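Fair warning: this is a prediction, and the values are worked out from it, not measured in the lab.
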Amino acid sequence: MGETVLALRDITRSYVSGDETLHVLRGVNLELRAGETVALVAPSGTGKSTLLHIAGLLDHPDGGVIEIAGRDAGRFPDKDQTAIRCSEIGFVYQFHHLLAEFTARENVALPQMIAGTKPAAARRRAEELLGLFGLGHRLNHLPGKLSGGEQQRVAIARALANAPSVLLADEPTGNLDVGTADIVFEELLRVVRSAGVGALIATHNEELAARMDRVVTLRDGMLVEG
């Protein structure tokens with residue numbers, strides 16, 4: 001494995017509900033290396049999404065350190081965190097969230113242009129990524145004309161468009177049938193590993209989790225191996 005691309009150190013997060021305080025994360029520690037795939041497996045409601053949001057700088061922990069690409073990103077102002085999310089982090093969710101009025105190629109090119117890439121280069125990169133996912137013949141199709149598996153492939157390609165060092169995925173195949181999920185997941189692992197991206201992937205599917213380099217579980221607000 002390569003260098004550490006994401007490090008979480010003693011992350012805590014609590015929520016207050018009425019007179020009660022719910023301690024979701026109680027000192028989470030994790031290191032993710034370039035090219036490594038880590039499965040995050042835990043029952044619903046245990047804090048998987050909270051952990052992913054904190055790792056992706058979408059939520060602020062109560063305490064702890066978030067290092068991304070060697071930088072203490074959790075201490076940066078919001079503007080700088082936004083820039084890090086754009087350049088260093090890719091997100092994939094259970095639902096694809098594609099822009100319905102844009103083609104597959106445009107959906108993958110847009111985040112690049114937002115980051116400052118020129119349109120022609122962004123389109124070339126989009127075509128390259130979509131080709132890796134077997135969608136070279138679907139570049140000009142709107143999301144509504146794509147199958148569920150194709151839509152999620154486009155969403156994964158979009159997450160990788162700006163060549164992030166970290167990919168965070170929350171049940172990325174949870175909305176697909178078993179056969180399609182298996183194919184899409186294998187493609188995800190293949191492309192992520194070949195690109196040297198560190199991937200933290202939340203999943204309920206233990207068979208899919210077993211294909212990754214290692215498995216971590218949230219237990220009583222802390223991460224444990226296996």
(request) Using a strict cut-off of less than 4.0 Å between a Lys/Arg side-chain nitrogen and an Asp/Glu carboxylate oxygen, indicate whether Arg211 and Asp182 qualify as a salt bridge. (result) yes
(request) Indicate yes or no: at least one non-hydrogen side-chain atom of Val65 is less than 4.5 angstrom from one of Asp10. (result) no
(message) Using every non-hydrogen atom in the two residues, find where Leu200 and Leu32 come nearest and quote the distance to one decimal.
(response) N-CD2, 4.1 Å
(request) Walk me through it: do Arg214 and Glu36 pass the test salt bridge (Lys or Arg N to Asp or Glu O under 4.0 Å)? (result) CA-CA 8 Å; Arg214 59 190 175 100; Glu36 182 182 29; 2.5 Å; yes
(message) Side-chain heavy atoms nearer than 4.5 Å, only ILVMFWY residues, links allowed to pass through others: does that put Ile11 and Leu22 together?
(response) yes
(message) Quick one: does any side-chain atom of Thr12 pair with a main-chain N or O of Gly63 as donor and acceptor, under 3.5 Å?
(response) yes
(message) Between Leu130 and Val108, is there a side-chain heavy-atom distance shorter than 4.5 Å?
(response) yes
(message) If we ignore hydrogens and angles and just use 3.5 Å, is the side chain of Asp19 paired with the main-chain N or O of Ser17 as donor and acceptor?
(response) no
(message) Please check: side-chain N/O of Asn107 versus main-chain N/O of Leu99, any donor-acceptor pairing under 3.5 Å?
(response) yes
(request) Look up atom OG1 in Thr173 and atom CD in Glu187, then write down how far apart they are to the nearest 0.5 Å. (result) 12.0 Å
(message) Measuring from atom CZ of Arg219 to atom CZ of Arg26, what distance do you get when rounded to the nearest 0.5 angstrom?
(response) 14.5 Å
(request) Could you check His141 against Arg138 for side-chain hydrogen bond (donor to acceptor under 3.5 Å, both in side chains), going step by step and ending with a plain yes or no? (result) CA-CA 5 Å; His141 285 65; Arg138 310 288 272 174; 3.1 Å; yes
(request) Compute whether any side-chain donor of one residue and acceptor of the other, for Thr37 and Arg193, lie under 3.5 angstrom apart. (result) yes
(message) Any salt bridge linking Glu150 with Lys145? Criterion: basic side-chain nitrogen under 4.0 Å from a carboxylate oxygen.
(response) no
(message) Go through it in stages, so that I can follow the logic: the residues are Glu31 and Arg33, the test is salt bridge (Lys or Arg N to Asp or Glu O under 4.0 Å), and I'd like the CA-CA distance, side-chain angles, deciding distance and then a yes or no.
(response) CA-CA 7 Å; Glu31 285 198 6; Arg33 296 186 177 277; 3.8 Å; yes
(message) With a 3.5 Å distance limit and no angle check, can you tell me whether Thr4 reaches the backbone of Leu6 through a side-chain donor-acceptor pair?
(response) no
(request) Determine whether Leu146 and Leu135 make a side-chain contact, defined as any pair of heavy atoms from C-beta on separated by less than 4.5 Å. (result) no
(request) Could you verify whether a donor N or O on one side chain and an acceptor N or O on the other, from Ser87 and Asn162, lie under 3.5 Å apart? (result) no
(request) Might you point out which heavy atoms bring Gly47 and Leu25 nearest each other, and give the distance in Å? (result) O-CD2, 4.2 Å
(request) Kindly work out whether a path of hydrophobic side-chain contacts (I/L/V/M/F/W/Y, heavy atoms less than 4.5 Å apart) joins Leu218 to Leu52. (result) yes
(message) Do Phe91 and Leu8 sit in one hydrophobic cluster, given that two such residues count as connected whenever their side-chain heavy atoms are within less than 4.5 Å of each other, even indirectly?
(response) yes
(request) Indicate yes or no for a side-chain donor-acceptor contact from Thr180 to the backbone of Leu176 under 3.5 Å, with no hydrogens or angles considered. (result) no
(message) Any carboxylate oxygen within less than 4.0 angstrom of a Lys/Arg side-chain nitrogen, looking at Asp170 and Lys48?
(response) no
(request) Verify the neighbour count for atom CG of Asp220: are there more than 12 heavy atoms of other residues, nucleotides or ligands below 6.0 Å? (result) no
(request) Please report the closest heavy-atom contact between Leu168 and Val166, naming both atoms and the distance. (result) CD2-CG1, 3.8 Å
(message) For the CD atom on Glu101, are there more than 12 heavy atoms of other groups (residues, nucleotides or ligands in this structure) within a distance under 6.0 Å?
(response) yes
(request) Write down the atom of His60, the atom of Ile54, and the distance for their closest heavy-atom approach. (result) C-CG1, 4.5 Å
(request) Group every Ile, Leu, Val, Met, Phe, Trp and Tyr by side-chain heavy-atom contacts under 4.5 Å, then state whether Leu189 and Val154 land in the same group. (result) yes
(message) Could you check whether any side-chain heavy atom of Ile183 comes within less than 4.5 Å of a side-chain heavy atom of Arg153, counting everything from C-beta outward?
(response) yes
(request) Check step by step if side-chain contact (heavy atoms from CB on, under 4.5 Å) holds for Leu139 and Glu127. (result) CA-CA 7 Å; Leu139 300 175; Glu127 291 168 6; 3.7 Å; yes
(message) When you group the ILVMFWY residues by side-chain heavy-atom contacts below 4.5 Å and let the links chain together, are Leu30 and Ile89 in the same group?
(response) yes
(message) For the backbone of Gln112 and the side chain of Thr117, can you confirm whether one donor and one acceptor N or O come within less than 3.5 Å of each other?
(response) yes
(message) To the nearest 0.5 Å, what is the distance between CG on Leu98 and CD on Gln151?
(response) 6.5 Å
(request) Decide side-chain contact (heavy atoms from CB on, under 4.5 Å) for Val38 and Val216; before the verdict, give the C-alpha distance in whole Å, the side-chain angles of both, and the deciding distance to 0.1 Å. (result) CA-CA 7 Å; Val38 177; Val216 295; 3.8 Å; yes
(message) Restricting to non-hydrogen atoms, name the atom on Glu88 and the atom on Ser165 that form the minimum distance, rounded to 0.1 Å.
(response) OE1-OG, 2.8 Å
(message) Counting C-beta onward and ignoring hydrogens, is there a side-chain heavy-atom pair between Glu186 and Leu188 closer than 4.5 Å?
(response) no
(message) Would you compute the distance between atom CG of Asn175 and atom NE2 of His96 and round it to the nearest 0.5 angstrom?
(response) 8.0 Å
(request) Could you note down all residue pairs passing salt bridge (Lys or Arg N to Asp or Glu O under 4.0 Å) where residues 155-167 supplies at least one of them, sequence neighbours left out? (result) none
(message) Are the side chains of Leu110 and Met113 in contact, using a 4.5 Å heavy-atom criterion?
(response) yes
(message) With a sphere of 6.0 Å drawn around CD of Glu20, does it hold more than 12 non-hydrogen atoms of other residues, nucleotides or ligands?
(response) no
(request) Go through the steps for Ile201 and Phe185 under the test side-chain contact (heavy atoms from CB on, under 4.5 Å), then give the verdict. (result) CA-CA 10 Å; Ile201 303 174; Phe185 196 80; 4.2 Å; yes
(request) For the pair Asp62 (side chain) and Ser14 (backbone), establish whether a donor and an acceptor sit closer than 3.5 Å, ignoring hydrogens and angles. (result) yes
(message) Donor-acceptor check, side chain of Gln81 to backbone of Ala73, threshold 3.5 angstrom: yes or no?
(response) yes
(message) I want to check something: taking the side chain as every heavy atom from C-beta on, are Val215 and Glu225 in contact at a cut-off of under 4.5 Å?
(response) no
(message) Rounded to the nearest 0.5 Å, what separates atom CE in Met222 from atom OG1 in Thr217?
(response) 13.5 Å
(request) Check the pair Ile68 / Arg71 against side-chain contact (heavy atoms from CB on, under 4.5 Å), numbers first and verdict last. (result) CA-CA 5 Å; Ile68 296 175; Arg71 294 176 288 179; 5.6 Å; no
(request) Take the angle between the ring planes of His97 and Tyr93 and call it parallel below 30°, perpendicular above 60°, tilted in between. (result) perpendicular
(message) Check whether Arg105 reaches the backbone of Arg123 with its side chain - one donor and one acceptor, N or O, closer than 3.5 Å.
(response) no
(request) Heavy atoms only: give me the nearest Leu40-Leu223 pair and the separation to one decimal. (result) CD1-CD2, 3.7 Å
(message) If we ignore hydrogens and angles and just use 3.5 Å, is the side chain of Arg85 paired with the main-chain N or O of Leu57 as donor and acceptor?
(response) yes
(request) Please tell me if the side chains of Val191 and Ile156 come closer than 4.5 Å, counting only heavy atoms from C-beta onward. (result) no
(request) Mind checking the CZ-CD1 spacing from Phe76 to Ile84? Nearest 0.5 Å is all I need. (result) 5.0 Å
